[in-house]
Amino acid sequence: MAAAGPSLFSENEEETAPYLKTLNEEQRKAVLTTEGPVLMLAGAGTGKTRALTTRLAHLLNTGRAQPWQILAVTFTNKAAREMKDRIAALVGDHVEGMKWLGTFHSIGAQILRRHAELAGLKSSFTILDADDQTRLAKQVIEAANIDEKRWTGRGLAMVIDGWKNRGLTPDKVPANEAYHFADGKGIDLYKAYQARLTTLNAVDFGDLLVHNLTIFQNNADVLEEYQRRFRYMLVDEYQDTNVAQYLWLRLLAQKHKNICCVGDDDQSIYGWRGAEVENILRFEKDFPGAEVIRLERNYRSTPSILGAASGLIEANKERLGKTLWTDAEDGEKVKVRGVWDGEEEARLICDDIESEQSKGRALSDMAVLVRASFQMRAFEERFNTLGLAYRVVGGPRFYEREESRDALSYLRLIRSSDDDLAFDRIVNKPKRGLGDKALQVLHKIARAQGVPLMAAARIALESDDLHAAARRSLVNFVDTVDRWARDAKDMTPADLAELVLEESGYIEMWKNSKSPQVPGKLDNLKELIQAVSEFDTLEGYLDHVALVSELSEDTGDGQIWLMTLHAAKGLEFPVVFLPGWEEEIFPSKRSLDEKGNAALEEERRLAYVGVTRAEESCRISFAANRQIYGRWQTAIPSRFVDELPEEHVDVVSEPGLYGNSASDLASHSSFDGAKLREDAYYDNPGWRRARASGARPASSPPLLEGRAKTVSVSAPGASKFSKGQRVFHQKFGYGKIQSIEGQKLTVEFEHSGPKKVIDTFVEAA
DNA sequence: TGTTCTCTGTTTTTT
DNA sequence: ACAGAGAACA
């Protein structure tokens, strides 16, 4: 297939191109509507990537655009890689010409390198990561003499990030937001932070976009160059764009207006990072004449899974609304299981996994998706005792680990002696007798003379400011770094990395440490050298790692997947386990406290993402008790459980979970009908026998009839207790009721202090 | 400079 | 419960 030059097809043939044949009606429309703004609303599992890559291939094949005239942006490197691979499958080598296919940040960096001087930078600028950013922010706070206890570097970095996400340079931050940080000093600190970045010839992630915006706004000619170049634009995961990215896209799209945004408002789960669902909700207003194409036919899941997910997401108010449908045959219903505690939950899920495995299901076809990473531990422990192979996605990133960052700092300092953050990090690591005292001297000189620390070190060596020991050590350090910089010219980067880690004593430092993590760290350093060896130049490698935080992933064959719901977006598995559906965990209490209803809707979208990952089987569970931060907490089932439509769900709840033993039944007069029926069901001989033998009841329990439309496993209603009453709790002992909120009581326990408990857990004392 | 202690903040984290 | 940071102390 050729891409260059005029179309290979006549008007008529275009519509019959072979790659269009496998698409459904909507997908075809999404491919063939090439001109003008298009919003492709693609629900989970509707073949979005296929539509999107075919669209790009079509633009190339019909000669509508040359590969370098297409801007295609994604959020992750992984998504960019996948898109590239799939386009290559359709158009072959022409994909290599698509130099504007990448993440927002990598494309922003490319553009910024070409016009760095317009942002007051040299084109060799370094890109700081989150850790550098925090340390820089901390330095800024220190320099401003602000109480570092109350106002942390991390806090400032977050505030600045928030502004950058909204495309705000210091002069544009609304005055009424000045008081968000350090009693009104926020904006000044932001200015100081930017000034430091300029001196360091560095940018943070947010700057990659914000500098682009400033350049475009102040240099019409530059903007126009790019507007002309990008005849077609394509944006993946549009629901996750922040304001800065939105502004960037809108500026670039003004000329040709051929922008196609693909997304799903129901899967917007990064609001806490500055993503604005409003961007997608507003698309038709922003781009008049936009064509909205809905992909609603789902190729992934069974009707029950889709039905459960749809019912759940319907509780959200702020959405464009889609109805997913499928031709697939009815499968099993979504299973909901209530258990006693987190440990049991892990045990039962692992039982299920093993039973699936014995039926011939591959481990890599199953995934456990959790809300927060602390929930992973219970599963890892259980997997380990059973000897089940598993694979955690996410977790500590390779390039964020201490040893990776140290090694990179050595390399950065060799590349550029101006890299103060790198200097700071490794000048005394391993210990070279260059402690706080010596560093203070260097910092003072650097600040006074406006030079980098390395230069300050040379100046200090000319003076009498340092003790003899420190001086000897510093001479040695400076000379060694100089020598490495010379060596770097005629060595491969990998050899250099190896040499540096040896000669610096860095490897030795770890070998001498008795920390149990040492073998892992040494392995990581070897892996890092391995990664370096894939690059021809040091610059190339450092530039790569600045924008990529993970090594390329190995495949998870023969392993169960364990990851957070966020990490699972975009993936699919035949069997999905969703543990921990309890109030305060999911939806997470913290996000609700911070952002209220908006956060609740986002949590609900997260639940929706979780359910829609499943192809055949989706198993939700909740525990009545859970250990969090070392303390036992009682929990009630998540409201999301209640929101699942009854007809698509099977509920299995153990007896005794919520104070429903026979004796409790007699004393709890306030239970409503649904609760009674649930208890009555489990208080039968069949269930008891099933429990005793460790098996599940022969048939699934009947759905509860107390509610017309949704499942109910919690028992709402007025509490039978009153404020001030003395009560007894099995775990916490005696206490006095402080306040009552429906079923939730706040009790001041005599031995363990104030706690929130569910009223069925306590009895009058 | 190294060790031990106390305090604090513990959701998600594509770049 | 627990890790990481910072302070106190040897």
Side-chain angles (χ1 to χ4, degrees), chain A residues 73-82 102-109 127-131 133-135 138 148-150 152-155 157-158 161 164-165 203-209 236-237 239-242 244-245 267-275 369-378 393-397 399-400 402 428 430-438 469-470 513 515 517 544-550 563-571 580 584-595 599 602-603 605-607 609-610 627-633:
Chain A
V73 269
T74 62
F75 277 83
T76 65
N77 293 299
K78 199 175 142 201
R81 218 179 309 125
E82 189 187 340
T103 64
F104 275 102
H105 291 88
S106 70
I107 291 172
I127 301 168
L128 303 189
D129 61 23
D131 188 73
Q133 214 183 110
T134 303
R135 287 175 341 135
K138 197 178 158 202
E148 289 173 63
K149 290 268 169 50
R150 189 148 146 61
T152 61
R154 195 160 148 251
M158 275 170 62
D161 244 7
K164 288 185 178 176
N165 282 338
V203 300
D204 60 23
F205 279 122
D207 282 339
L208 291 173
L209 269 299
D236 194 13
E237 306 281 14
Q239 77 282 353
D240 288 334
T241 50
N242 61 33
Q245 288 156 342
Q267 294 188 67
S268 163
I269 55 175
Y270 283 105
W272 49 276
R273 275 178 74 130
L369 311 181
V370 297
R371 173 63 181 81
S373 38
F374 69 80
Q375 294 170 264
M376 290 185 185
R377 204 176 55 188
V393 178
R397 292 173 180 280
Y399 286 114
E400 281 168 17
E402 184 188 7
N428 200 32
K431 296 267 185 297
R432 300 187 174 91
L434 294 167
D436 283 354
K437 266 271 171 55
S513 153
S515 150
Q517 302 162 34
H544 168 82
V545 296
L547 292 166
V548 173
S549 55
E550 205 44 87
M563 66 186 98
T564 63
L565 288 161
H566 284 89
K569 193 169 82 161
L571 305 177
E584 310 222 326
I585 289 185
F586 190 33
S588 132
K589 174 174 158 51
R590 226 184 123 146
S591 40
L592 262 46
D593 287 350
E594 275 169 21
K595 298 232 223 70
E602 182 153 316
E603 294 281 309
R605 292 194 290 266
L606 199 49
V609 166
Q627 221 173 357
I628 295 170
Y629 304 138
R631 299 221 166 272
W632 278 99
Q633 308 241 245

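Letters A, B, ... mirror the listed sequences (proteins, then strands); counts begin at 1.
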What is the distance, rounded to the nearest whole Å, between atom CZ of A:R377 and atom P of B:dT11? 14 Å

Assuming nearest nucleotide by heavy-atom distance, tell me which of A:A372 and A:E400 is located more 5' along DNA chain B. A:A372

Checking all strands, does A:G570 fall into the base, sugar-phosphate, or nothing category for heavy-atom contacts under 4.0 angstrom? nothing

Report the distance from atom CG of A:D161 to atom C1' of B:dT13, rounded to the nearest whole Å. 11 Å

Reading DNA chain B 5' to 3', what string of ( ), [ ], | and . shows its pairs, if Watson-Crick and G-U wobble pairs count only when both distances fall under 3.5 Å? ||||||||||.....

Identify, with sequence neighbours excluded, every residue that meets side-chain contact (heavy atoms from CB on, under 4.5 Å) alongside A:D207. A:K164, A:Q194, A:L197, A:V203, A:D204, A:H211

Mind checking if A:D240 touches a base, just sugar-phosphate, or nothing, with heavy atoms under 4.0 Å? base

Between A:T76 and A:L434, whichever has its closest DNA chain B nucleotide further toward 5' is A:L434

Over all strands shown, is A:K164 touching base, sugar-phosphate only, or nothing at heavy-atom distances under 4.0 angstrom? nothing

If you walk 5' to 3' along DNA chain C, what is the first nucleotide with an atom under 4.0 Å of a heavy atom in chain A, and what is the last? C:dA1 to C:dG6

Closer than 4.0 Å, any side-chain N/O of A:T564 to the OP1 or OP2 of B:dT11? no

Results of ring pair (Phe, Tyr, Trp, His ring centres under 6.0 Å) for A:Y270 - residues two or more places apart only: A:W272, A:H566

Excluding sequence neighbours, so at least two apart, what forms salt bridge (charged side-chain N to carboxylate O under 4.0 Å, His left out) with A:K569? A:E237, A:D240

Please report the distance, rounded to the nearest Å, between CZ in A:F205 and C1' in B:dT13. 11 Å

Below 3.5 Å is the cut-off: list the nitrogen or oxygen pairs between protein and nucleotides 8-10 of chain B, distance only.
from	atom 1	to	atom 2	distance (Å)
B:dT10	O5'	A:R590	NH1	3.1

Scan A:E602 against the nucleic acid and name what it touches under 4.0 Å (heavy atoms): base, sugar-phosphate only, or nothing. nothing

Atom NE2 of A:H566 and atom C1' of B:dT11 are separated, to the nearest Å, by 8 Å

Does A:N428 have any side chain to side chain donor-acceptor pair (under 3.5 Å) partners at least two apart in sequence or in another chain, and if so, which? none

Considering residues at least two apart in sequence or located in another chain, which fulfil the salt bridge (charged side-chain N to carboxylate O under 4.0 Å, His left out) criterion with A:R432? none

What is the distance from atom CD1 of A:I585 to atom CZ of A:R371, rounded to the nearest 0.5 Å? 10.5 Å

Donor on one side chain, acceptor on other, A:S268 and A:E602, under 3.5 Å: no

Please state how far atom CG in A:N165 lies from atom P in B:dT15, giving the value in whole angstrom units. 15 Å

Output the rounded distance in Å from NE2 (A:H544) to P (B:dT15). 10 Å

Without decimals, in angstroms, what is the distance between A:N77 CG and B:dT13 C1'? 14 Å

Without decimals, in angstroms, what is the distance between A:I628 CD1 and B:dT11 P? 11 Å

Counterpart residues, salt bridge (charged side-chain N to carboxylate O under 4.0 Å, His left out), relative to A:E402 (two or more places apart): A:K429, A:K521

Holding to salt bridge (charged side-chain N to carboxylate O under 4.0 Å, His left out), I want the full list of residues that pass it with A:R273, two or more places apart in sequence or in another chain. none

Base, sugar-phosphate or nothing for A:K569? Non-hydrogen atoms, less than 4.0 Å. nothing

Rounded to the nearest 0.5 Å, what separates atom CZ in A:F104 from atom CG in A:D236? 9.5 Å

What nucleotide, of B:dT1, B:dT11, B:dT13, holds the atom closest to the side chain of A:N428? B:dT1

Step-by-step side chain to side chain contact (heavy atoms under 4.5 Å, CB included) determination, A:L547 to A:L208: CA-CA 11 Å; A:L547 292 166; A:L208 291 173; 3.9 Å; yes

Residues which pass side-chain contact (heavy atoms from CB on, under 4.5 Å) with A:R590, listed by chain and number, not counting sequence neighbours: A:S588, A:E594

With A:A79 via side-chain contact (heavy atoms from CB on, under 4.5 Å) - residues at least two apart: A:T74, A:T76

Under 4.0 angstrom, heavy atoms only, what part of the nucleic acid is A:F104 near: base, sugar-phosphate, or nothing? nothing

